[in-house]
Amino acid sequence: MEKPEPLSIMIVDDEMLVRTGIASFLNWSEYGYIIAAQAANGLEALEMMREGCPDIILLDIKMTEMNGVELLRILKREQLPVKVIVLSCHNELDYVKESIRLGAEDYILKLSLQPEALLAKLSEVRKKIEAERKDKNGGSGKLSLKDSDDLLNGLITGQITVEEAGCLEAKELRLLVLHPAEFFPGNPAKAHPTPLQQRSLIHLCKGMAPQDRKVHVVCLSDGNYVLLLRGGMNITNEEITDFVNKFQTASRHYLSLVVSAGVSAPFTSIRSIREAYRQAVNALQRCYYFHAGALLFFSQDFTFLKTGPALSADEDESLRRCVINGDSSAAKNIIENFFSGVLKTGSYPPDRVRFTAVEIIHGLYKMFPRVPEFNEDLLFKSETLAELRMHVFDFIDTIVLSWKESRAQARHPGILRAKELILSRLDRTVSLEEAAVEAGMSKCYFSTIFAQETGESFTGYVNRMKIERARTLLLRDGLSNNEAAERIGLTDVSYFGKLFKKHTGLSPAQFRRSGTMEGTGARQFKKL
């Protein structure tokens, strides 16, 4: 069955929570409606309607500034083509009667407002609207309120031309990009905002925006919410700060969402909207260095670096030694110094910082088998640098504990001592004889037991550990083949290339071009 054409609805009520509640308790698009606008009184509603008239108004009777009855008188006098359903309390019968006399279609009691009852009344109103449109065989051609938000989405994504959106011009415009944190403080397992929370965010934005500004809000496919403010005078940073602070407080309190915000520089032409979006996203990304719920304004003086941070080869070696020795505190000190350097620089792109953290953990993961499964999404989706640091610290504790437990539970502790010797001397080649002595076994017995415990030969294990080390040296530290080969104790560069390809399926040059530790662009870590 073909869906009916969506009808636009404006909610007019002086209680913000009532507006947000009505706008959010249904997925309106499923029923053929769009919540196009919200207003706190009749004056606000009338101003919005000068720009574009909705199909239906849900109108509160008693409000300050201009109440519902006064607005109905104006609508009747000016013959504006809109249907009205009155929202009233049980003691407002006289107002309801006057509203019906002035042309309201029906009324519904606020305290008994249920989705089914409201949908039933809207269905009756829809029948009247469709019948009237059929009789008139056309419309006024005015821009509908629901269309202006669609225009904003199309402009940012490039699907609509500037000429089609001339109606959004104003003396001054500001663009805000809002992002709800996926991981709440203290609860990293929190899922994405629910559909109800997503709808509520949009309606909360519209309901709390400055009353003298025209507001348009859309949710993009990347999870960002874009809010366009426009008006006939300058939109100051102070005004935006006041609005965002109130909005963030309400979203935390009513929706349990932490929302960060980035704000563009002022602009005067809708032609600049894509640049304004870039600016606002740039500011939003910088929130990574602050805290979830930060508000930052775009600055022309700030640019992100084109490179990412990295542990030096010596720091990487020290980190591995700390893990081998079971020294979690020393390992975390190395990581703490790394994050302190990232924070001090403050201009690495967040994605690069996350990727480097994943590389560090990936290197340890490959070196130390029998470590519990690691969910790298915790790092890739970290909302702040502090959260990323917390997750890396947790993994360091986990891997050190697992390494200690594997040593205590090993059937042959000597094999673990041999592995520790190999891992601590990857810059040279540990011989079978040296490893056997470390394990306290004869060469023949050691070779047999090692294969049984690890599932591979002694030489195969040594070479695999060397190549894992070389992958880090090539990709993160940018060393040449000669330098990488020397760092893992190989003097023959040709042999190094063959060995590297045997273990990774790629030549060193192909691996560099792939740009990932997996060499194939995959993010999943494979347990060895």
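Values in this document were obtained by computation on a predicted structure and should not be read as measured data.
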Fit a plane to each ring of Trp28 and Tyr33, take the angle between them on a 0 to 90° scale, and name the class: parallel (under 30°), tilted (30 to 60°) or perpendicular (over 60°).
perpendicular
Does the pair Lys332/Asp397 count as a salt bridge with the N-to-O cut at 4.0 Å?
yes
Residues Tyr288 and Ser382: side-chain donor-acceptor under 3.5 angstrom
yes
Quickly, which of Asp55, Ile129, Leu7, Ile57 forms a side-chain contact (heavy atoms from CB on, under 4.5 Å) with Lys83? Name it, please.
Ile129
Tyr107, OH: over 12 other non-hydrogen atoms inside 6.0 angstrom:
no
Any chance you could measure Phe304, atom CZ, to Gln285, atom CD, to the nearest 0.5 Å?
5.0 Å
Heavy-atom side-chain contact between Gln38 and Asp13 under 4.5 Å
no
From OH (Tyr289) to CG (Leu343), nearest 0.5 Å:
8.0 Å
Using 4.0 Å as the upper bound for N to carboxylate O, is an ion pair formed by Lys127 and Glu124?
yes
Return yes if some donor-acceptor pair links the side-chain N/O of Asn245 with the main-chain N/O of Thr241 below 3.5 Å, else return no.
yes
Quick one: are Phe395 and His391 in side-chain contact, heavy atoms under 4.5 Å?
no
May I ask you to say whether Arg73 pairs ionically with Glu98, meaning some side-chain N is under 4.0 Å from a carboxylate O?
yes
